[in-house]
Trainee: 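Dropping a structure here in structure tokens format, bear with me for questions.
Values below: all heavy atoms of this structure, side chains included; hydrogens, waters and symmetry mates excluded. Whatever order the structure lists them in is the order used to number ligands and atoms, beginning at 1.
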Amino acid sequence: MRHFAIVGSGPAGFYTAEALEKAYGDGARVDILDRFPVPYGLIRFGVAPDHQSLKAVSKRYDKVAESPGVDFIGNVTVGRDVSVDELLEFYDAVILAIGAPHDRKLGIPGEDLPGVIGSAEFVGWYNGHPEFADLDPPLDGSHAAVIGNGNVALDCARILSKTRAEFEGSDIVGHALEALDKSAIRTITILGRRGPHQIAMTPKELGELGHLEAALPIVDLRDFPPREADEALEPGQRKSVTILREFADLRANKRTTMVFDFFAKPIAIEGEGRAEHIVVERTELDDKGGARGTGETYEVPASLIISCIGYSTPPIDGVAYDKRGGKFLNERGKIGDRLYAVGWARRGPTGTIGTNRPDGYEVADQIAADMPPGSSSDRPGAEGLKALLEGRGVMPTDYDDWRKIEATEVARARPGSPREKFVRVEHWLETLGR
Ligand SMILES: Cc1cc2nc3c(=O)[nH]c(=O)nc-3n(C[C@H](O)[C@H](O)[C@H](O)COP(=O)(O)OP(=O)(O)OC[C@H]3O[C@@H](n4cnc5c(N)ncnc54)[C@H](O)[C@@H]3O)c2cc1C
């Protein structure tokens with residue numbers, strides 16, 4: 001028998017568990033650990049609440065969790081409740097799938113002013129992440145800015161501009177719905193350091209902006225290269241750029257405007273005691289396609305500024321770390337002897353949910369090459385881990401506990417919502433009678 005511990009129950013953790021199960025059959029037990037008693041990582045806490053069809057991917061993970069060789073062990077923070085070295089004593093291999101939950105810093109003066117928040121915080125707030133339940137983003141000003149030109153920036157801008165009715169059918173948490181309903185924001189500037197050809201926004205997410213009830217996307221066609229230049233783009237990117245160009249033809253009188261400000265590099269955030277505006281430097285493309293400052297500056301008013309410029313994985317004691325890449329140092333997923341990384345903790349914060357599947361399968365293949373199916377060891381697996389946790393007063397939860405939490409959330413759902421999420425760890429544990 002082999003025992004494997006996967007740390008993190010997001011997409012990468014689940015795809016790896018699925019792959020290990022396929023490779024080892026009943027010759028292995030796979031434990032998926034998570035710091036929370038609720039699984040699925042960013043499927044619950046990241047993917048936008050109005051994108052329910054995407055969240056349905058968790059049904060596939062349910063199947064993995066329900067299979068006999070796989071267990072979910074929640075409420076255990078690796079690095080705090082148990083170290084990686086300790087896990088390696090109990091398990092034949094440890095696979096770190098902890099994602100990249102920390103916002104990258106802007107690195108400009110004023111970024112610590114009240115009103116400046118990272119997307120992990122803002123997204124966590126509207127998705128019911130317990131650490132951000134009290135965020136209370138300032139929605140009292142008329143101007144907001146979103147820094148970044150990827151899909152997370154689009155999510156943030158869209159959520160800020162939707163009407164209450166447009167959240168029908170979503171699982172946005174109640175506190176965010178109420179606050180957004182009273183929001184005074186009427187202009188959202190989306191700042192990108194480079195131009196329309198360099199966006200990392202996908203057509204579906206961009207297209208949604210053209211159909212919002214009370215918000216209108218605005219682009220300036222002078223920011224675009226000649227239309228013929230679009231031919232050189234790869235088809236998906238060409239589609240995105242075409243959608244952006246079409247925004248120029250939209251005419252409507254709507255409550256909120258979303259202004260795409262390209263070739264705009266934030267260089268400082270200023271205000272009296274709170275963010276009031278961003279100082280932006282106009283840029284142009286350099287020979288390598290990077291952004292080069294032109295020296296021309298201007299101000300973009302914003303009392304709420306959300307930076308969507310990427311994430312990093314927190315280091316864990318004793319685990320090799322790539323500081324520049326903000327992820328674990330690894331060679332095709334292998335960090336060291338019997339220690340591996342998958343998903344965002346391996347590759348950095350790029351790609352879609354599906355990208356984590358081949359990633360997990362590749363690492364499972366590596367593990368199978370290192371300790372072939374059919375081989376065994378006398379490591380104790382979960383038995384050893386649970387004894388150690390008990391001695392430390394840590395109470396792990398299991399998959400049935402998660403199903404109880406889920407059923408309670410579904411039962412509490414307000415009309416038009418599939419569930420009303422618990423946003424505090426105490427409430428999860430209360431549901432379980434702990
Ligand atoms: C705002 C946002 C929106 C997104 N929207 C989409 C989308 O619409 N479509 C799409 O395809 N992709 C989307 N993505 C990308 C997708 O969410 C990621 O590709 C995917 O979640 C990465 O999987 P992961 O398993 O590596 O990390 P995560 O999903 O972050 O999972 C990591 C898990 O590890 C756990 N963990 C962390 N630290 C510890 C620890 N020390 N001990 C124990 N457990 C720990 C966490 O609780 C979490 O459950 C989005 C991402 C973000 C940030």
Trainee: Give every residue pair that meets the ring-ring contact (aromatic ring centres under 6.0 Å, His included) criterion with at least one member in residues 157-190, sequence neighbours excluded.
Mentor: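 For residues 157-190: W125-H175.
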Trainee: Could you work out, with ring-ring contact (aromatic ring centres under 6.0 Å, His included) as the rule, every residue matching F72, not counting sequence neighbours?
Mentor: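 Expected list: none.
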Trainee: Please output the side-chain donor-acceptor pairs of residues 239-246 that fall under 3.5 Å, not counting sequence neighbours, one pair per line with the distance.
Mentor:
{"residue": "S240", "atom": "OG", "partner": "M201", "partner atom": "O", "Å": "2.8"}
{"residue": "S240", "atom": "OG", "partner": "G236", "partner atom": "O", "Å": "3.4"}
{"residue": "T242", "atom": "OG1", "partner": "R238", "partner atom": "O", "Å": "2.7"}
{"residue": "R245", "atom": "NE", "partner": "D230", "partner atom": "OD2", "Å": "2.7"}
{"residue": "R245", "atom": "NH2", "partner": "P225", "partner atom": "O", "Å": "3.0"}
{"residue": "R245", "atom": "NH2", "partner": "D230", "partner atom": "OD1", "Å": "2.9"}
{"residue": "R245", "atom": "NH2", "partner": "D230", "partner atom": "OD2", "Å": "3.2"}

Trainee: Anything under 30° is parallel, anything over 60° is perpendicular, the rest tilted; go ahead and classify F122 against Y126.
Mentor: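 Rings of F122 and Y126: perpendicular, over 60°.
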Trainee: Classify the angle between the aromatic ring planes of Y311 and W344 as parallel (below 30°), tilted (30 to 60°) or perpendicular (above 60°).
Mentor: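 Rings of Y311 and W344: parallel, as their planes differ by under 30°.
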Trainee: Distance under 4.0 Å, heavy atoms only, partner ligand 1: which residues pass?
Mentor: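 Within 4.0 Å of ligand 1, the protein residues are V7, G8, S9, G10, P11, A12, D34, R35, F36, G41, L42, G46, V47, L54, V76, T77, V78, A97, I98, G99, V123, V152, D155, Y311, G343, W344, G351, T352, I353, N356.
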Trainee: Might you work through the side-chain contact (heavy atoms from CB on, under 4.5 Å) test for F263 and V280, ending with a clear yes or no?
Mentor: CA-CA 9 Å; F263 300 107; V280 174; over 6 Å; no
